[in-house]
Amino acid sequence: QVQLVESGGGLVQPGGALRLSCAASGSISNFYRLAWYRQVPGKQRELVATITAGVTTHYADSVQGRFTISRDNAKNTVYLQMNSLKPEDTAVYYCNALGSVVPGTTWLDYWGQGTQVTVSS
C-alpha cells in the first residue's frame, strides 16, 4: 500500500555530514509516527529518531545534538540530517512509518529497504 524509499546514504569522513531522505508513495500527514532506525550486522535494529504527527521529536542518546529528524508533508518525505558523524554511526539506516494514510483506518507499520551509511577515513 505505502512504499518507503530511502536515499542519501554513502561514504563520509568522521566529522562530516549526510542528509537521508525517505520518500513515501502516499501522504504522510496522517501517520502517527515517522522514525529512523539503524542496524549493524550482528546486532539488533535500534531506534535513532522519531517524529510524531504533532511534530514532537525524540532522539537516541548516542545521536542527541548531532542528528535532526524532520518531515515535509507537502513532499511526503521525512529527513534525517546527520552532522558530526562518527565511525560508530556506520550502519544501514531504515525509514519507518506507523499509522495510516487515511484517518480512521487501521494502523500499519511500513518499512523502507534501507540505505548504507559508512563513516570512515
Beyond-backbone contact of [X] with [Y], side-chain heavy atoms, under 4.5 angstrom:
X   : Y    : result
I51 : T56  : no
I69 : Y79  : no
L85 : F67  : yes
P14 : P87  : yes
M82 : V117 : yes
W36 : V78  : yes

>> Does atom CD (E88) have a neighbourhood of more than 12 heavy atoms from anything else shown, all under 6.0 Å?
In response: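 More than 12 within 6.0 Å, yes.
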> Got a sec, which pairs hit side chain to side chain donor-acceptor pair (under 3.5 Å) with one end in residues 22-31, sequence neighbours left out?
Replying inline: S27-S29
Quick one: do [X] and [Y] end up in the same hydrophobic cluster if we chain Ile, Leu, Val, Met, Phe, Trp and Tyr together by side-chain heavy atoms under 4.5 Å apart?
X    : Y   : result
V92  : Y37 : yes
L108 : I28 : yes
Y59  : Y93 : yes
W111 : L47 : yes

> Just by distance, do the side chain of T90 and the backbone of V119 share a donor-acceptor pair under 3.5 Å?
Replying inline: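 Present.
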Counting only pairs under 3.5 Å, give me each side-chain donor-acceptor contact of residues 96-107, with atom names and distances, residues two or more places apart or in other chains.
residue : atom : partner : partner atom : Å
N96     : OD1  : R33     : NH2          : 3.4
N96     : ND2  : D109    : OD1          : 2.7
N96     : ND2  : Y110    : O            : 3.0
S100    : OG   : V102    : O            : 3.0
S100    : OG   : T105    : OG1          : 3.4
T105    : OG1  : V102    : O            : 2.6

Show every donor-acceptor pair shorter than 3.5 Å between a side-chain atom in residues 2-13 and any protein atom, with sequence neighbours excluded, or say none if there are none.
residue : atom : partner : partner atom : Å
E6      : OE1  : Q113    : N            : 3.0
E6      : OE1  : G114    : N            : 2.9
E6      : OE2  : C95     : N            : 2.8
E6      : OE2  : G114    : N            : 3.2

> With R66, which residues qualify under side-chain contact (heavy atoms from CB on, under 4.5 Å), at least two apart?
Replying inline: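 Expected list: V63, S84, K86, D89.
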> What pairs with Q39 under side-chain contact (heavy atoms from CB on, under 4.5 Å), at least two apart in sequence or on another chain?
Replying inline: R45, Y94
Nearest heavy-atom neighbours spanning [X] and [Y]:
X   : Y   : answer
L18 : Q81 : O-NE2, 3.5 Å
L80 : A49 : CD1-CB, 4.2 Å
A17 : N83 : CB-OD1, 3.4 Å

> Out of curiosity, T57 OG1 to L34 CG, how far, rounded to the nearest 0.5 Å?
Replying inline: 12.5 Å
> Among pairs that include at least one residue of residues 40-75, which meet disulfide bond (SG atoms under 2.5 Å apart), considering only residues two or more places apart or in two chains?
Replying inline: none
